[in-house]
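What follows is a short report on a single structure.
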Amino acid sequence: MPHKRAKASIRKARKAEVDLPVTSEDAMSSADTPKGFARLFRFKEMAAKKEQEKKDIKSGVLTDDKTKKNIGIQPGEKMKDFVQRVETEYQSDLLSAQKASKPASARKKRNQETRKQKKTAKILKEAEYYGGRDFDDLKDNVKFGEVADAPPVLNKIPKVRGREKQVKVIICKRV
């Protein structure tokens, strides 16, 4: 009957079996652990390994065999996670291969240089023309409650530009 208790010695034996300390190998191999959780659990260990490998690569300790990346779906890994992992690992390699396969032509480099020179020349010209002034220098001092009696008077006629300039030249030639 379920309402009866087992002997104390049997209960202690069962409790000793259940409360065994969990090692990392046991946690990864147990069937009842969710695979996503196990992946997160291993993440810290993998991050530490990667950091150590980066330090070794910078110091020049590792050989070419260890620097090669291991491609393969890990047990219990979803295909989406596998694809994402591979893409992040090989992103820098893909970019460098893409740049190496399509070098910039001499004409393209020359055009980039001229664009940079034109841009810097334009900035220098504007700075020279305005003398470092900005719209802050053109600000009017208006006091609170001040009323404008009349619109401003423009003494200088605005410069004719664009299409209007062409029309004006044609009209002047006819007359």
Side-chain angles (χ1 to χ4, degrees), residues 1-139 162:
M1 289 186 225
H3 66 279
K4 292 188 176 181
R5 291 177 69 173
K7 289 183 181 178
S9 60
I10 296 173
R11 288 191 312 232
K12 285 182 182 179
R14 287 182 188 165
K15 191 173 186 180
E17 289 177 10
V18 173
D19 289 337
L20 291 175
V22 179
T23 61
S24 62
E25 294 173 7
D26 292 340
M28 295 303 130
S29 63
S30 71
D32 62 341
T33 304
K35 291 176 178 144
F37 178 75
R39 187 177 124 291
L40 291 173
F41 192 71
R42 287 185 304 229
F43 178 74
K44 189 173 184 178
E45 295 172 4
M46 291 189 313
K49 281 184 183 179
K50 285 184 181 180
E51 287 296 321
Q52 185 62 35
E53 286 178 4
K54 285 181 182 178
K55 289 178 183 177
D56 292 343
I57 289 171
K58 285 184 179 179
S59 64
V61 174
L62 288 179
T63 61
D64 292 337
D65 296 335
K66 290 185 180 180
T67 58
K68 290 183 182 178
K69 296 176 182 172
N70 185 13
I71 300 178
I73 191 163
Q74 295 175 352
E77 188 177 25
K78 294 179 184 176
M79 187 56 84
K80 179 181 174 184
D81 297 333
F82 169 69
V83 170
Q84 186 178 10
R85 181 174 55 86
V86 171
E87 283 180 357
T88 55
E89 282 182 12
Y90 289 96
Q91 187 174 18
S92 62
D93 296 338
L94 287 172
L95 289 174
S96 62
Q98 195 174 28
K99 286 182 180 179
S101 67
K102 188 179 179 184
S105 66
R107 191 176 101 204
K108 189 173 183 180
K109 288 180 184 177
R110 188 176 61 242
N111 288 343
Q112 286 176 348
E113 293 286 330
T114 56
R115 268 190 244 119
K116 284 182 184 178
Q117 290 174 354
K118 285 182 181 179
K119 188 175 183 180
T120 54
K122 183 178 178 182
I123 291 170
L124 291 173
K125 183 180 176 183
E126 287 179 0
E128 182 180 315
Y129 179 74
Y130 292 114
R133 291 180 292 148
D134 199 4
F135 283 107
D136 296 334
D137 299 335
L138 304 174
K139 188 176 180 182

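Everything quoted here is computed from the prediction, not taken from an experiment.
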Exercise. Quick one: are Glu87 and Val83 in side-chain contact, heavy atoms under 4.5 Å?
Worked result: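 Glu87 vs Val83: side chains touch.
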Exercise. Minimum heavy-atom separation for Pro75 to Arg42, with atom names?
Worked result: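 The answer is O-NH2, 4.5 Å.
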Which side-chain N or O atoms in residues 114-125 pair as donor and acceptor under 3.5 Å with protein atoms at least two apart or in another chain?
{"from": "Thr114", "atom 1": "OG1", "to": "Arg110", "atom 2": "O", "distance (Å)": "3.4"}
{"from": "Thr114", "atom 1": "OG1", "to": "Asn111", "atom 2": "O", "distance (Å)": "2.7"}
{"from": "Thr120", "atom 1": "OG1", "to": "Lys116", "atom 2": "O", "distance (Å)": "3.1"}
{"from": "Thr120", "atom 1": "OG1", "to": "Gln117", "atom 2": "O", "distance (Å)": "2.8"}

For this session: Enter the distance from Lys50:NZ to Glu89:CD here, rounded to the nearest 0.5 Å.
Result: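 The NZ atom of Lys50 sits 5.0 Å away from the CD atom of Glu89.
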Problem set entry | Neighbour count >12 (heavy atoms, 6.0 Å) for atom CD, Gln84 |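 No, not enclosed.
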Problem set entry | Result of checking Met79, Arg85, Glu77 against Asp81 for side chain to side chain contact (heavy atoms under 4.5 Å, CB included) |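 With Asp81 as partner, Met79, Arg85, Glu77 yield a single side chain to side chain contact (heavy atoms under 4.5 Å, CB included), made by Glu77.
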